[in-house]
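Scope of the values below: all heavy atoms of this structure, side chains included, with no hydrogens, waters or symmetry mates. Lettering of chains follows the sequences in order, A, B, ..., and the numbering in each one begins at 1.
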Amino acid sequence: NAGVTQTPKFQVLKTGQSMTLQCAQDMNHNSMYWYRQDPGMGLRLIYYSASEGTTDKGEVPNGYNVSRLNKREFSLRLESAAPSQTSVYFCASSETSNQPQHFGDGTRLSIL
Amino acid sequence: GENVEQHPSTLSVQEGDSAVIKCTYSDSASNYFPWYKQELGKGPQLIIDIRSNVGEKKDQRIAVTLNKTAKHFSLHITETQPEDSAVYFCAASRAGNQFYFGTGTSLTVIP
């Protein structure tokens, strides 16, 4: 039982490049989330999907897009990467909203 | 939106002593308060949680207390061990809404 799997684990991009971070969960959870973690700022929500077919903006959505591909998968896309998007990105899932969230081990993204 | 504040940002204790981390929240409608432990290079892992209809919850050496009137909740770790060294995050949420996390506490247990 893998839980929440994120790929890739590390990535270096140049400013202006695009990429998609992948997330998959095998717990049959309805809700999925994307966070970024920066030093001294805790975890900030980028986007979330309360259920398959829905997505909503979180606290810091600018510069990102998401796709809930199916119940298992929730991807995060950076269309034109900027140095300010250098961060550690975490995907999480929960059975429904307001339930314990299960996190992946993160994607460490550097933008030069 | 909700605002969660967490203190202290760093905490050092001797092995065997107790550690206490405190969080305050602003939204009186928040009703779910989880605590997460994050080890280096890993994602946060839930260690204990509490809902607003309960004032205290314990799980072995870990306990969480909630004061709804004052809008604060605390994590208590007793008989600390070196493997308790990590970053701890509190969070608050309510039904149909997103989680709001504190900024984290780096706990070091000195052998």
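Rounded to the nearest 0.5 angstrom, A:Leu43 CG and B:Thr103 OG1 are separated by 10.5 Å. To the nearest 0.5 angstrom, B:Leu46 atom CG is 7.0 Å from A:His102 atom NE2. The distance from the OG atom of B:Ser93 to the CG atom of A:Leu45 is 11.5 Å, given to the nearest 0.5 Å. Atoms CZ and OH, on A:Arg44 and B:Tyr100 in that order, are 13.0 Å from each other to the nearest 0.5 Å.
Considering only heavy atoms from C-beta on, A:Tyr35 stays 4.5 Å or farther from B:Gln98 through its side chain. Contact of the B:Gln45 side chain with the A:Phe103 side chain is not registered, since no non-hydrogen atoms from C-beta on lie closer than 4.5 Å. Using a 4.5 Å heavy-atom threshold, the side chains of A:Ser97 and B:Phe99 count as separate. Looking at heavy atoms from C-beta onward, A:Phe90 lies in side-chain contact with B:Gln38 at the 4.5 angstrom threshold.
In the hydrophobic clustering of this structure, A:Leu78 groups with A:Ile46; members are Ile, Leu, Val, Met, Phe, Trp, Tyr whose side-chain heavy atoms approach within less than 4.5 Å, directly or through other members. Taking hydrophobic clusters as Ile, Leu, Val, Met, Phe, Trp and Tyr residues chained together by side-chain heavy-atom distances below 4.5 Å, A:Val88 shares a cluster with A:Tyr48. B:Leu75 is not connected to B:Phe89 by any chain of hydrophobic side-chain contacts under 4.5 Å among Ile, Leu, Val, Met, Phe, Trp and Tyr, and they are in different clusters. Under the 4.5 Å side-chain heavy-atom criterion for Ile, Leu, Val, Met, Phe, Trp and Tyr, A:Met19 and A:Tyr47 are members of the same hydrophobic cluster.
No more than 12 heavy atoms of other residues, nucleotides or ligands sit less than 6.0 Å from atom CD of B:Glu79. In this structure, B:Glu83 places its CD atom where more than 12 heavy-atom neighbours from other residues, nucleotides or ligands lie under 6.0 Å away. Crowding of A:Glu95 atom CD: a count of heavy atoms from other residues, nucleotides or ligands under 6.0 Å not exceeding 12. Enclosure of atom CG in A:Leu112 by more than 12 non-hydrogen atoms of other residues, nucleotides or ligands within 6.0 angstrom is indicated. Within 6.0 Å of NZ on A:Lys71 lie more than 12 heavy atoms contributed by other residues, nucleotides or ligands.
For A:Pro100 against B:Asp49, the heavy-atom pair with the smallest separation is CG-OD2, 3.7 Å. Of all heavy-atom pairs spanning A:Asp105 and B:Gly43, the tightest one is OD1-N, 3.2 Å.
Contact of B:Pro34 with chain A is not made at all, since no heavy-atom distance falls under 4.5 Å. Heavy atoms closer than 4.5 Å to chain B are found in both the backbone and the side chain of A:Gln99.
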* Can B:Phe101 and A:Met41 be said to form a side-chain contact (heavy atoms from CB on, under 4.5 Å), step by step? -> CA-CA 9 Å; B:Phe101 284 84; A:Met41 302 189 74; over 6 Å; no
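If you tally non-hydrogen atom pairs under 4.5 Å between each of A:Lys9, A:Arg108, A:Gln6, A:Glu59 and chain B, the highest count goes to A:Arg108.
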